[in-house]
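Scroll down for the structure; my scribbles are underneath it.
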Amino acid sequence: MRLRSIAGGLTGLALLAARAVAADPTPLAEHQIKALYLFNFTKYVDWPVAATNAQPFVIGLAGAQDVKSDLAEIIKGKQLQGREIVIRPVATPAELKGCHILFIGDGNRQRIGELLRAVQGTAVLTVGEVEGFLTLGGMINFTNQGNRVKLEIGLDNVQQARLNMSAKLLAVANVLRSRPELPRK
Amino acid sequence: MTFFRHVSIRRKQTLVMLLTSGVALLLACAGFFAYDVITFQEAMRQRITTLADTLGINSAGALDFNDRKLAAEVLSALRAEPHISAACIYTANGGVFAKYPQQGPGANFTPPAPAPAGHRFERNRFVLFHPIVQGTETLGSLFIQSDLSALGDRLRQYGKIALGVLLTAMGVAFLLSAWFQRFISEPVLHLVRATRAVTQRKDYSVRVPKESADELGHFIDDFNEMLAQIQARDTALQQAQAQLEERVAERTRELSSEIAERKRVEGQLLQAQKMEAIGQLAGGVAHDFNNILAATILQLELVQDDPELTGRLRAELKEVEKGAHKAADLTRQLLLFSRQQIMQIKPLDLGEVLTDLLKMLRRLLGEHIEVALQGEPHALWIDADASMMQQVVMNLCVNARDAMPKGGRLTLDARHITLAANTVLANTEARAGVFIRLSVTDTGCGIDAATLPRIFEPFFTTKEIGRGTGMGLATVYGIIKQHLGWIEVESQVGVGTSFHIYLPARPTAPDAAASAPLPPTPLGQETILVVEDDLPVQKLVVAALQRLGYKVLSANDGVEALHRWDEHQHEVALLLTDMVMPQGMTGLELAERLRQLKPGLKVILSTGYSQDMSRLSALKEKGMTLLTKPYEIRTLGTIVRNCLDQA
């Protein structure tokens with residue numbers, strides 16, 4: 001009896017302690033989340049060996065000035081499989097050479113088709129934040145649902161580029177494909 | 001512990017065995033318990049850690065891309081593990097990202113604050129914090145709480161089994177100890193019983209059965225050996241005690257018989273002293289009487305020779321003479337008793353004496369008394385006076401006859417008998433040596449114990465007045481004493497009496513010459529000085545000596561004798577003097593005085609007292625001869641002649 005009451009007391013204390021620390025920290029801004037996601041993509045995507053030989057790992061940003069500083073903040077001091085991570089502003093297709101990830105921002109909407117065509121068939125993960133980005137040949141698109149940032153993945157485009165994308169990434173995204181979609185688990 | 005001290009060995013052993021086995025089993029069970037708990041916990045930790053790894057990997061994407069729904073889905077996979085009661089995923093900055101379960105009874109679970117990686121077992125749950133790592137980057141962490149009721153169940157199950165095993169083992173241990181304890185407790189109990197028998201019953205004959213050859217067996221052997229030794233010692237002690245008691249009893253018997261013996265000897269001594277005193281008195285009286293009677297009879301003879309005597313007076317004098325002879329006879333008997341009668345000692349065959357007397361005895365005793373002669377018929381040699389021996393036999397036989405008025409049997413038995421030194425203690429008079437024993441046994445009325453000590457006293461008689469003189473046995477006593485023998489009397493009232501007379505045996509038979517007829521009385525012409533205070537005796541002696549041819553001078557006492565000596569000293573060849581004389585000079589003093597005057601003078605001392613005979617040897621040394629009164633003229637003549645002829 002006594003033991004049970006002591007146990008009860010302990011449980012109560014644990015509950016109080018839990019309540020004290022359970023509050024969520026301040027939510028991140030949209031551009032911060034997108035910068036974080038851009039970096040996180042590197043963990044779930046495998047680039048072909050030929051492409052990775054080139055040093056360093058380059059993240060190209062086309063028309064995405066709001067993300068740039070955040071991303072720079074995230075990658076500071078970080079390496080990817082021993083390679084330096086470099087942020088490269090991209091304005092023209094000529095500047096795409098050596099990029100592993102290309103983020104085409106909302107402000108560069110007119111040049112999406114041009115840029116996507118320039119990297120078509122190469123192992124460059126293309127990320128956008130415009131509706132219809134996937135149909136233009138893009139691979140991952142940020143969408144807003146409520147105030148949350150969600151992902152859309154065009155798997156056909158990913159596979160065409162011979163990029164291997166982890167199922168974990170697929171699991172958190174809305175995967176669109178031309179072939180009939182397999183029912184999700 | 002005090003309780004344990006009073007418990008019996010048997011119980012102690014059982015208790016020890018049970019306690020030992022119980023403790024050992026408990027320890028073993030505890031060990032298994034601990035091992036099981038540790039193994040269980042380790043297994044649980046590994047499984048849940050693996051689970052946490054899997055969950056972490058699966059939820060990495062969800063964390064990276066802030067997909068709470070996906071994370072919750074990942075966690076919901078925990079449904080397959082019913083023991084996991086709660087779980088949650090934290091983001092890298094500590095916020096709760098997802099939790100499990102979302103429905104059901106545990107849904108209101110509040111996640112704890114995130115903690116560093118690690119695990120702990122609490123009272124009824126296991127708690128694990130596990131980091132979620134992507135490459136080198138920590139994405140967040142995972143909390144899993146597992147219910148430990150399975151372990152509890154398991155342990156309860158184990159407890160039941162352990163309890164069962166414990167009880168069974170204790171039961172078996174109890175049975176085993178009951179079986180095995182007899183190897184230890186049985187010998188100990190045997191020992192206890194034996195010790196109790198020894199201490200309570202003093203029974204040292206008990207032995208403890210030996211049932212084993214271990215230390216207890218050796219101990220029991222030694223214990224038995226110890227008992228045997230004690231028993232032996234005890235027996236020896238008892239024997240010694242018995243011996244001691246026996247010796248004490250023996251010594252007591254010896255002492256009491258010694259005391260009785262001493263009393264008897266004292267009595268005999270008293271009796272002997274009494275007889276001696278009576279003898280002296282009787283001797284004194286008889287001596288004087290004898291002299292008076294001798295003179296009286298001599299005078300009567302002389303008077304009767306007077307031719308002028310008338311016939312009537314002659315007849316009356318004859319009567320007087322008869323009376324005097326009776327008195328003389330009595331006196332003689334008294335003298336015999338007092339051992340003052342002169343003996344004619346010569347070798348004598350007592351067998352012959354008895355044979356000669358037998359015919360006369362049969363006539364004397366009468367036909368109603370059967371007389372038997374037993375023992376050795378001949379060669380029973382003694383040195384004795386024949387007439388005295390005849391008197392002894394006659395007196396005893398007459399006494400026996402008087403004891404058997406209605407007839408009976410009289411047995412005379414004479415034989416050699418050798419007395420050893422240790423057999424003569426019974427009688428103070430007895431001594432060791434070879435003796436002739438004459439036993440006179442009758443079947444008469446017997447003598448009672450009160451009378452027995454007095455029978456040898458003179459004038460003591462149990463016969464009616466006038467029948468006996470009371471001198472018969474007294475005479476026998478005196479004669480035997482004078483012959484250096486003694487008398488023992490056995491008597492039983494109504495059965496009979498035995499007189500046993502012991503006389504020293506003569507070692508050899510006499511040669512024929514000794515028993516030859518006496519030679520004629522020798523004559524002589526020498527001058528003899530006779531000193532005798534008793535005038536009638538003096539006259540008789542003087543007359544007798546003159547008849548033998550001697551020249552005789554006479555004196556009444558010592559003083560007169562000295563006068564005679566002065567007158568005729570050159571003529572006197574021999575002095576014959578009485579020992580006891582008036583005028584204060586004894587015969588011996590006179591003799592010694594005259595010897596000084598004439599050293600070679602022959603001396604004969606005459607005496608009526610036996611006491612004087614004890615001086616015989618002293619007199620012999622001085623070359624003097626003793627003559628015992630009364631004596632015959634023939635004896636006198638022989639002694640005088642022998643004395644004169646001595647060198």
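Order of the sequence lines fixes the chain letters, A, B, ..., with proteins taken first and strands second; residue numbering starts at 1 for each chain. Quantities reported herein were computed from a predicted structural model and do not represent experimental measurements.
- The backbone N or O of A:M139 lies less than 3.5 Å from a partner atom in the side chain of A:T126, making a donor-acceptor pair.
- Looking at B:L63, neither its backbone nor its side chain comes within 4.5 Å of chain A, counting heavy atoms on both sides.
- Residues B:H119 and B:F129 keep their aromatic ring centres 6.0 Å or farther apart.
- The existence of a salt bridge linking A:E114 and A:R117 is excluded, since no basic side-chain nitrogen approaches an acidic carboxylate oxygen closer than 4.0 Å.
- Using a 4.5 Å cut-off between heavy atoms, B:E137 touches chain A through its side chain atoms alone.
- Aromatic ring centres of B:F65 and A:Y37 lie closer together than 6.0 Å.
- For A:L151, the part lying under 4.5 angstrom from a heavy atom of chain B is the side chain only.
- Interface residue A:F41: backbone and side-chain heavy atoms are both found under 4.5 Å from chain B.
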